[in-house]
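Here's the structure, in structure tokens; my notes come after.
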Amino acid sequence: YGDHGGAIGYLVGQENRGLEYMFIMMNSARYAVGMQGIAIAERAYQHAVAYAKERVQSRPVDGSINTSAPIVHHPDVKRMLMTMRAYTEGCRAMSSVAAAAYDAAHHHPDADARKQNQAFYEFMVPLVKGYSTEMSLEVASLGVQVHGGMGFIEETGAAQYYRDAKILTIYEGTTAIQANDLVGRKTARDGGQTAKAIAAQIEKTEAELGKSDNPAAAAVLKRLKAARVAFVEVVDFVAGQTKASPNAVFAGSVPYLMLAGNLVAGWQLARSLIIAQDLASRSFDTDFMLAKIATARFYAEHILNKVPGIRDSIVDGAESVTALALDAF
Ligand SMILES: Cc1cc2nc3c(=O)[nH]c(=O)nc-3n(C[C@H](O)[C@H](O)[C@H](O)COP(=O)(O)OP(=O)(O)OC[C@H]3O[C@@H](n4cnc5c(N)ncnc54)[C@H](O)[C@@H]3O)c2cc1C
């Protein structure tokens, strides 16, 4: 390593801009790991669906079949499959929007639009990496659960997805490191401006949902609004307290990352729902559109609805995270 001379260092680019250059590579690598999470989640989902349609066990609770039936008939198995599907579709939509912002940040003809898209993309990178990889673990774990005992042993391959997903929350920076980036560089540094610009865009989607008389749109609107309000409260807490009370803010950094990822994925599914309703009303690929609407509603009612609780953990719960003295551990 040059301890005894003879090593030559070359300056790459301009002096004092190394970290900035490195982040071009890091953002790209982190985005790619988020995509790995989405890919493993999709594979785990497809695997679980195939098994749930094949494995016969117990009669359905509604008496619709008078003998043992494929486990996909059981409401709890459907709940697991819907959770896997909703997480995966939500994260895929979130990552696609981030990729489009990256393109616009480089190729949009308007300089202001390029700047806004760059800020949005940079905010999204820790979400795509952190949230999509944490969700892939949850999805792969549910995939094992759908397989029952067959999931735990190796032959079905379900456990392999679970093990493969675990590295994704570690390499290219652990989830906590993504969260530090979200708190420090992406939220506190600009006083929460980029985060609030995203909240303003979400409000526009809420207004669109409000125009629909479909019960699915109303169900999504209710949860999206509550989640957006909770997000803004957390952004104010993070932007306002990072300097004065760093321990309190960083005690909630990973929950903030999960809250923001949950919200943005839910927001993108809400946008999908609006488009799917329009296309379904014109009989365009109706089955696909109705499935998209049902998935967006499921996400809102079973995943997005957790956001206000996470807000409470962050804003009200910091003290209990740091209360114990080090020698109490
Ligand atoms: C299979 C595999 C492949 C890899 N490939 C590469 C590669 O190709 N190139 C490469 O450069 N590296 C690679 N790595 C290294 C990988 O990027 C690191 O392991 C990872 O970034 C975590 O660092 P660490 O292991 O030092 O954990 P540590 O930094 O020791 O982290 C341990 C724990 O402490 C937490 N922690 C640490 N610092 C903080 C903090 N400031 N705030 C909050 N929490 C914190 C972490 O979140 C984690 O929970 C690879 C690792 C593995 C396992």
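Numbering of ligands and ligand atoms starts at 1, following listing order.
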Decide if atom CZ of Arg114 counts as having more than 12 heavy atoms of other residues, nucleotides or ligands within a radius under 6.0 Å.
-> yes
Verify atom 52 (C) of ligand 1: protein non-hydrogen atom under 4.0 angstrom away = yes
Short check: is a protein heavy atom less than 4.0 Å from atom 33 (C) of ligand 1?
-> no
Atom 38 (N) of ligand 1: closest protein heavy atom, distance to 0.1 Å, is Ile177 CD1, 4.0 Å
Check each heavy atom of Thr175 against ligand 1 and say whether those closer than 4.0 Å belong to the side chain, the backbone, both or neither.
-> neither
How about Gln46: does its CD atom have over 12 heavy atoms from other parts shown lying under 6.0 Å from it?
-> yes
Any salt bridge between Arg228 and Glu206, counting N to O under 4.0 Å?
-> yes
Side chains of Thr295 and Arg85, donor plus acceptor under 3.5 Å = yes
Can you check whether a protein heavy atom sits less than 4.0 angstrom from atom 21 (O) of ligand 1?
-> yes
Do Tyr299 and Asn262 get their side chains close enough for a donor-acceptor pair, meaning under 3.5 Å?
-> yes
How far is atom 2 (C) of ligand 1 from its nearest protein heavy atom, and which residue and atom is that?
-> Ile167 CD1, 3.9 Å
Is there a protein heavy atom at a distance of less than 4.0 Å from atom 36 (N) of ligand 1?
-> no
Where does the angle between the aromatic ring planes of Tyr31 and Tyr121 fall among parallel (under 30°), tilted (30 to 60°) and perpendicular (over 60°)?
-> tilted
Does Lys186 use its side chain to pair, donor to acceptor, with the backbone of Glu122 at less than 3.5 Å?
-> yes
Nearest non-hydrogen protein atom to atom 44 (N) of ligand 1, with distance, is Ala176 CB, 3.6 Å
When distances are taken from atom 41 (N) of ligand 1, the protein heavy atom at minimum range is Asn180 ND2, 3.5 Å
Carboxylate-amine/guanidinium contact Arg79 Asp76, below 4.0 Å = yes
Check whether the ring centres of His47 and Tyr51 lie less than 6.0 Å apart, and answer yes or no.
-> no
Protein contact for atom 47 (O) of ligand 1 (heavy atom, distance under 4.0 Å) | yes
In the protein, which heavy atom is nearest to atom 27 (O) of ligand 1, and how far is it?
-> Thr174 CG2, 5.0 Å
Element-labelled atoms of ligand 1 that are located less than 4.0 Å from some non-hydrogen atom of Glu172 | 17 (O)
Atom 13 (C) of ligand 1 sits nearest the protein heavy atom Tyr171 CB, 4.9 Å
Do protein heavy atoms approach atom 18 (C) of ligand 1 to less than 4.0 Å?
-> no
Would you mind running through ligand 1 and noting each atom that sits below 4.0 Å from a heavy atom of Ile170?
-> 20 (C), 21 (O)
Would you find more than 12 non-hydrogen atoms of other residues, nucleotides or ligands less than 6.0 Å from Glu319 atom CD?
-> no
